[in-house]
Protein chains: 2
Amino acid sequence: MAATKVTLKDVAARAGVSYQTVSKVLNGEMQVAPETMARIQAAVQELGYRPNRIARNMRAGRSFMIGYSWTQTEPGQVNHILDQFLSSMVREAGVVGYYVLPFPFLEGNEQVEIYRDLIRSGNVDGFVLSSVNYNDPRIQFLLKQKFPFVAFGRSNPEWDFAWVDIDGTAGTRQAIEYLIGRGHRRIAILAWPTDSRVGNDRLQGYLEALQTAQITPEPEYILRGEGTFEVGRAMTLHLLDLPAERRPTAIMALNDTMAIGAMAAARERGLTIGTDLAIIGFDDAPMVQYLVPPLSSVRQPIAEAGRKCVELLVALVEGQTLAQKHVLLQPSLIIRASA
Amino acid sequence: MAATKVTLKDVAARAGVSYQTVSKVLNGEMQVAPETMARIQAAVQELGYRPNRIARNMRAGRSFMIGYSWTQTEPGQVNHILDQFLSSMVREAGVVGYYVLPFPFLEGNEQVEIYRDLIRSGNVDGFVLSSVNYNDPRIQFLLKQKFPFVAFGRSNPEWDFAWVDIDGTAGTRQAIEYLIGRGHRRIAILAWPTDSRVGNDRLQGYLEALQTAQITPEPEYILRGEGTFEVGRAMTLHLLDLPAERRPTAIMALNDTMAIGAMAAARERGLTIGTDLAIIGFDDAPMVQYLVPPLSSVRQPIAEAGRKCVELLVALVEGQTLAQKHVLLQPSLIIRASA
DNA sequence: ATCATAAAGGCGAACGTTCGCCTGGCAAGA
DNA sequence: TCTTGCCAGGCGAACGTTCGCCTTTATGAT
C-alpha cells in the first residue's frame, strides 16, 4: 500500500557502514570521518529515511505520549475551550518530542479503569486531566500509582500534585471591583453548587471584592445552581422581582451561558442591559461579543494553560524536579456594553 | 516511577507455560487444556497483565493510529465542530482498536511535510482530513503516496478518494424552500468566495430551490465575501439600502457568524427580525439558540460524520474494499424565531 | 622498537510481541 | 505392533531501534 519502509539497515547498506553506526551518527553519539558522515547523510536524504517511532519507543520503553480526555459537552453547550487547549498542548508537545493521545471520557469508576489500562499497556507516559473537581477519583488513583500527571484545575488542598489553573477568584474579584467602581452596591452573583471547586473559587473573588469595599454580602444575592441558560434566567427573574430597594443593579454570572440567561430575564422585565442592569459573564465564549448588547466577560488564558500543562508534565515524566509545581494564571476582564 | 511493567514472560512464568503459549491463548489462536487456560487467566488477573501496545504495534508493523489535524480558529471564532467531531472519532476508533493522533496544522507546503514525516516514521496508519477545499495539496500528496485517508469534505471532482461530507446543497435548499413556502420571493444569500468548495455547494442549494420555485435568481441578491460578522453585517446593510421594492425580505447566510452580522444590520435599520426580515444561518452553533430572536439555522450531523470517517478509514487501512467510498450526510433545518 | 591512546566503526543483545513451524504423547484404526 | 492423526504446547525468529562493549588502525610519546 504505502511505499516500503526505509530502515536503518537500508541506509547503512547504501552508505557502506553498519546500521548501528548510522543510528549513532544520526543521534550525534559518535564521531565519524567526514566522508562517512557525508555518505550517511546522502543515503538518508536519497532514501527519505525517518526513524521508526514505534521501534524507538519500544527500545526506550516509553511511548512519548500524553494522555488527555475531556468531558464532551451536551448539545447546546459550547466547548470553546477544547480547540485552544488541545491545539496548544499538541503544539507544545510536538516541540519536545511528544504527542497527545485523546481518549474517551467516561464518568465514575469506568474512567479510572481507562487510565489503568492506558498505563498498563504502556500507551502513555503521563496524563493531563481536565474537568477536575474535589475528590477526583482519577487524581486519587494516579497519586497512588505514582504515575506522572498534571491537572488543569485544582482539587483537594491536602493532595499534593502538580496543577495548572486559572485564578478564578481573581477573575471574579476583578469583575466585581469594576462594578463597584462604577457605583454598584447591590451586586448579585449567579453561582454554582457548593460541590464545584471552580465555582467556589470564582465565588470567593466576589466575597473578597465586597469585603475590600466594605460591603456586607447579602445571602439573597448569592444564588446557586447549575450553569445553564434556564437556571441563569430563572435566578435573574427571581432577583428582579425583589422589592425595588433590594433589587440588584448588577449581576455577575460564573459562566457566559448563565449570563445570557440573565440577559433574557432582564429583557423580559423590560430592563435595558448595561444601564438599568449591568451583567458580566465568565469564560468569554467567542460569540458573546455579538450579543446585544455585547457581553462583558472574564477571559481565560487557555492556550497558555495548555502549554504549561505539557511543560510541567514532560518535566515530571523525564524525572526532573519541578521548579514550580503549581501554576496559577491570571484571567482578564473584557469590558463590553453589558456592564 | 510507575509499577514495573508486567510482560508475557511474567505471566508465563507464573502459569508454568511458555510465553508464546500465553500470547496465543490470549489471542484465541490456540486450544489448551482447561486447567492450563485457568492458570493463565489467573496469572493475567493477579499480575494485572495488559499487552504492551508498542511491542504489539512493532511486531504488526503498524501503529493503529489515525492522524488528524484541524485548522485552529482565530480568536473570536468558534470551533464548535471540534468537540463533537473529535469525540466521535475517538470513540469510534476505540471500538475498533485504533487511536486518534492529533497533530499541528500548518498552512501550505509545510503541512504536506508533516504528513510525509508521519508516514515515514510509521506514526500513523491513515489520515482523516478536515478543512478540505479544491486542489488540496494534502489530497494530492496522499493520493500519489497511495496512503490511506478519508477526507471530511469534498475536493476536485476528478480526484478519486474516499470522503464523508455533509450535503450543504440540501441544507441550503431546505432552508430556501422553507422561506419560499413562507411566501418570501426576494431572498438574498450571503455567500463565500468562489474558491470555497463548501461555499459553492451551499450556494448551489439556493439556486436549486429558486429554480424549482421558478424564481429567477437575481445577481444582486448573491453576495460573496469572507464568513465573518463584519462582512455579514456590511452585506446586509447594502441589501437593506436597496430601494424598497427590490429590498429582500429574507436573507440566508452560509454560516452563523455572518447571520449574526445580518441580525446586527437589521437591528441598525430598525427592522424586526423574523417579521420584517427573515434570517437563517448555517451550522447551528450552540449559542445561536440564545440570540434575540433565536436564530434559525442548518444543523449538521457532525458526530455521525466523525464516526463515518473512522469507519471508512479503518476499512481502507485494513485493505478492505469499501462498500461505499462516499458518504453524504443530510443536515437538518432548525427553525426558530428569526425566520 | 614499544607501548599507550584515541579515533572510527563493528557487533551482539535487548525491548515485548506475534507468527510459523516443530515435537512429544496419546488414542484409534489397521 | 505399527501407523496415522490430533491435541497441547514449545521454540526460534523477527519487527527497527539503541546501548554497551569490542576491534582495528593510525598516531604520538617514550
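Below, each value reflects all heavy atoms present in this structure, side chains not excepted, and no hydrogens, waters or symmetry copies. Every value quoted in this text rests on a predicted model; they were computed, and no experiment measured them. Residue numbering restarts at 1 for every chain, and letters A, B, ... go by the order of the sequence lines.
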Next on the checklist: If the helix axis at each end comes from five base pairs, how far does the helix from C:dA1-D:dT30 to C:dA30-D:dT1 deviate from straight, to 10°?
Outcome noted: 60°
Item to check | Side-chain donor-acceptor contact under 3.5 Å, B:Thr71 with B:Glu107 | outcome: no
Checklist entry - Taking the nucleotide of DNA chain C with the closest heavy atom to each, which residue, B:Glu29 or B:Ala55, is nearer the 5' end? => result B:Ala55
Checklist entry - Sequence neighbours excluded, which residues qualify as side chain to side chain donor-acceptor pair (under 3.5 Å) partners of B:Asp195? => result none
Next on the checklist: Test of understanding: with side chain to side chain contact (heavy atoms under 4.5 Å, CB included), list the residues that count as partners of A:Thr36, not counting sequence neighbours.
Outcome noted: A:Val17, A:Val32, A:Ala33, A:Arg39, A:Ile40
Next on the checklist: Please enumerate all residues that pass ring pair (Phe, Tyr, Trp, His ring centres under 6.0 Å) together with B:Phe85, with sequence neighbours excluded.
Outcome noted: B:Tyr68, B:Phe152
Checklist entry - Does A:Ser23 offer a backbone N or O that forms a donor-acceptor pair with the side chain of A:Asn27 under 3.5 Å? => result yes
Checklist entry - For DNA chain D, what residues of residues 32-40 of chain B have any heavy atom nearer than 4.0 Å? => result B:Val32, B:Ala33, B:Thr36
Checklist outcome for this item: Sorted by chain and residue number, the side chain to side chain contact (heavy atoms under 4.5 Å, CB included) partners of B:Met65 (sequence neighbours excluded) come out as A:Met65, A:Leu101, B:Arg53, B:Ser63, B:Tyr99, B:Leu101, B:Val124
Next on the checklist: Using side-chain heavy atoms (C-beta onward) and a distance below 4.5 Å, is A:Trp70 in contact with A:Leu82?
Outcome noted: yes
Checklist entry - What pairs of residues pass the side-chain hydrogen bond (donor to acceptor under 3.5 Å, both in side chains) test when at least one of them lies in residues 148-163 of chain B, not counting sequence neighbours? => result B:Asn135-B:Asn156, B:Arg154-B:Asp165, B:Arg154-B:Asp201, B:Asn156-B:Glu158, B:Asp160-B:Lys325, B:Trp163-B:His326
Item to check | Residues forming a ring pair (Phe, Tyr, Trp, His ring centres under 6.0 Å) with A:Phe141, sequence neighbours excluded | outcome: none
Item to check | Counterpart residues, side chain to side chain donor-acceptor pair (under 3.5 Å), relative to A:Gln72 (two or more places apart) | outcome: B:Arg91
Checklist entry - Heavy-atom contacts under 4.0 Å between residues 15-24 of chain A and DNA chain D, which residues? => result A:Tyr19, A:Gln20, A:Ser23, A:Lys24
Item to check | B:Gln31 CD: over 12 foreign heavy atoms closer than 6.0 Å | outcome: no
Checklist entry - Using a cut-off of 4.0 Å on non-hydrogen atoms, how would the nucleic acid contact of B:Asn27 be classed: base, sugar-phosphate, or nothing? => result sugar-phosphate
Checklist entry - 5' to 3' on DNA chain C, which nucleotides open and close the contacts with chain A (atom under 4.0 Å from a heavy atom)? => result C:dA8 to C:dG16
Checklist entry - Under 30°, 30 to 60°, or over 60°: which ring-plane class applies to B:Phe127 and B:Tyr115, parallel, tilted or perpendicular? => result tilted
Checklist outcome for this item: B:Gln324 meets the side chain to side chain contact (heavy atoms under 4.5 Å, CB included) criterion, sequence neighbours left out, with B:Lys308, B:Val327
